[in-house]
Amino acid sequence: MIRVQTEDFDIGTEVKKLTEGRTDIGAVVTFSGLVRNTDDGALASMELEHYPGMTEKELARIEAEANERWPLQASLVIHRVGKLAPGDNIVLVVTASAHRQAAFESASFLMDYLKTRAPFWKNEDKGGETNWVDARESDGEAAAKWEV
Amino acid sequence: MIRVQTEDFDIGTEVKKLTEGRTDIGAVVTFSGLVRNTDDGALASMELEHYPGMTEKELARIEAEANERWPLQASLVIHRVGKLAPGDNIVLVVTASAHRQAAFESASFLMDYLKTRAPFWKNEDKGGETNWVDARESDGEAAAKWEV
Amino acid sequence: MKLLYFAWVKQKAGVAEEDVTLPGEVRDVSGVISWLKTRGEGYELAFADLSVIRCAVNQEHGDFSTPIAGASEIAFFPPVTGG
Amino acid sequence: MKLLYFAWVKQKAGVAEEDVTLPGEVRDVSGVISWLKTRGEGYELAFADLSVIRCAVNQEHGDFSTPIAGASEIAFFPPVTGG
């Protein structure tokens, strides 16, 4: 399941929706990404821009790829857009499987792919002065390790 | 933080307690383990036995080890004991860090070590007939990969 | 043909979205970029360093050699930074 | 000396916890096990296959060669299965 939204999410509620009434899930991994203040502590807010239409398609592709690679009972990706403050949630990935290795690996894979393929861009606002965040080289390397 | 308890936990609540009011956390990973029904679908309930005193010490040792190996902003391990039904939560591990790799790796490490070192034992009840669950060889191998 | 621009590519080009009729000889994404750069300073600025330009054709990641035949939407943007 | 037993070790031994006075010549965990096996059929059954016996001395994981000098608590149990 894929959602792009401005509203916040609650991890516990989302996990419960995926697992409730099921007895075939042994392991649930969640990853949540938060707006971290910049090293100078000057971040006022952050604007998440995205490419409507392509975003949803790309997230769905990435999720389908995870479900092909690992035996997942359920998966979920939520990404927020719009204006966010330091400490706010940005992204949530949830994977559920019978065993923990599949849940851990697929959640990590989803995040690595999302970081390099999902069309979102962060614009930092340090009190008037805005700055587009640069992509990190380490994100490209993290995604590359999943290519077979 | 370490807790051994009979009560259930809520993932969202626990994560909020760790992250609230902070702006230095960029990544939170949670692992939750649930009671999965046996392949024959016959599991009525499961009893979690533990070694009071040693359990808390061992969980604290494992958590301290994770905090030595990775730069964590926060960590939490909750393990339930007593009688549980299929679908119930058993264990929760939460790790929070500036970046996602540390959060993913430390959560995975905590689970691998917990699985092989924390003194808990599962007793399955299939409607009168009870059975102590055997340790899985793959858990030993998973823990061994972290030794340097 | 619909062209879309995001993040600083949009800011430098000075446009978010436009409908254009491409010359017949433009066959791939790199041809689109060459043509755009003849259209004004904003585009020249936006496409000055192609090492930080990414593109999508019909909402799928492409590269500069991706053919545009049959495409209805091409987007240009910097490397993504979500998550 | 307090001895503790868990899971099926406890069920086979027929005891969860006991206070014992060990003979002076018992120096390590393996000595404790040998002595226990002389105390009855339950212990013999519990310690029949030592490959599936784990132990802790003073609430820290040990092995059969761990010395027991100064220890106040020794526990025997199968490989753990929590999580």
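Chain A is the first sequence line, chain B the second, and so forth, proteins listed ahead of strands; every chain is numbered from 1. Only a predicted model underlies this, so the values are computations on that prediction, with no experimental measurement involved.
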request  = Apply side chain to side chain donor-acceptor pair (under 3.5 Å) to the pair Thr95(B) and Ser75(B), showing each step before the final yes or no.
outcome  = CA-CA 4 Å; Thr95(B) 54; Ser75(B) 57; over 6 Å; no
Please walk me through it: do Lys145(B) and Glu141(B) pass salt bridge (charged side-chain N to carboxylate O under 4.0 Å, His left out)? CA-CA 6 Å; Lys145(B) 76 172 186 280; Glu141(B) 290 157 10; over 6 Å; no
Run Leu114(B) and Val77(B) through side chain to side chain contact (heavy atoms under 4.5 Å, CB included) and show every step you take.
CA-CA 9 Å; Leu114(B) 187 155; Val77(B) 180; 3.7 Å; yes
- Task: Test side chain to side chain contact (heavy atoms under 4.5 Å, CB included) on Asp139(B) and Asp112(B) and set out the steps.
- Result: CA-CA 7 Å; Asp139(B) 285 333; Asp112(B) 286 347; 5.9 Å; no
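For Asp88(A), no part lies under 4.5 angstrom from a heavy atom of chain B. In this structure, chain B has no heavy atom under 4.5 Å from any part of Ala103(A). With a threshold of 4.5 angstrom between heavy atoms, Ala98(A) approaches chain B through its backbone and through its side chain.
Using a 4.5 Å heavy-atom threshold, the side chains of Lys126(B) and Asn131(B) count as separate. In this structure the side chain of Val81(A) never reaches within 4.5 angstrom of the side chain of Glu49(A), judged on heavy atoms.
Between chain A and the residues Ser138(B), Ala142(B), Ala107(B), the largest count of heavy-atom pairs under 4.5 Å involves Ala107(B). Among Leu43(A), Ile90(A), Asn37(A), Val93(A), the residue making the largest number of heavy-atom pairs under 4.5 Å with chain B is Asn37(A). Of the listed residues (Asp10(A), Thr30(A), Leu92(A)), the one with the most heavy-atom contacts under 4.5 Å to chain B is Thr30(A). Of all the listed residues (Ser108(B), Pro86(B), Ala96(B), Gly87(B)), the one sharing the greatest number of non-hydrogen pairs under 4.5 Å with chain A is Ser108(B).
Nearest heavy atom pair, residue Glu63(A) against residue Leu76(A), reads OE2-N, 3.8 Å.
The aromatic ring centroids of Phe104(B) and Phe31(A) lie less than 6.0 Å from each other. When ring centroids are compared, Tyr51(B) and Trp121(B) stay outside the 6.0 Å threshold.
Within residues 13-29 of chain A, the residues that have a heavy atom under 4.5 Å from a heavy atom of chain B are Val15(A), Lys16(A), Thr19(A), Arg22(A), Thr23(A), Asp24(A), Ile25(A), Gly26(A), Ala27(A), Val28(A), Val29(A), listed by number.
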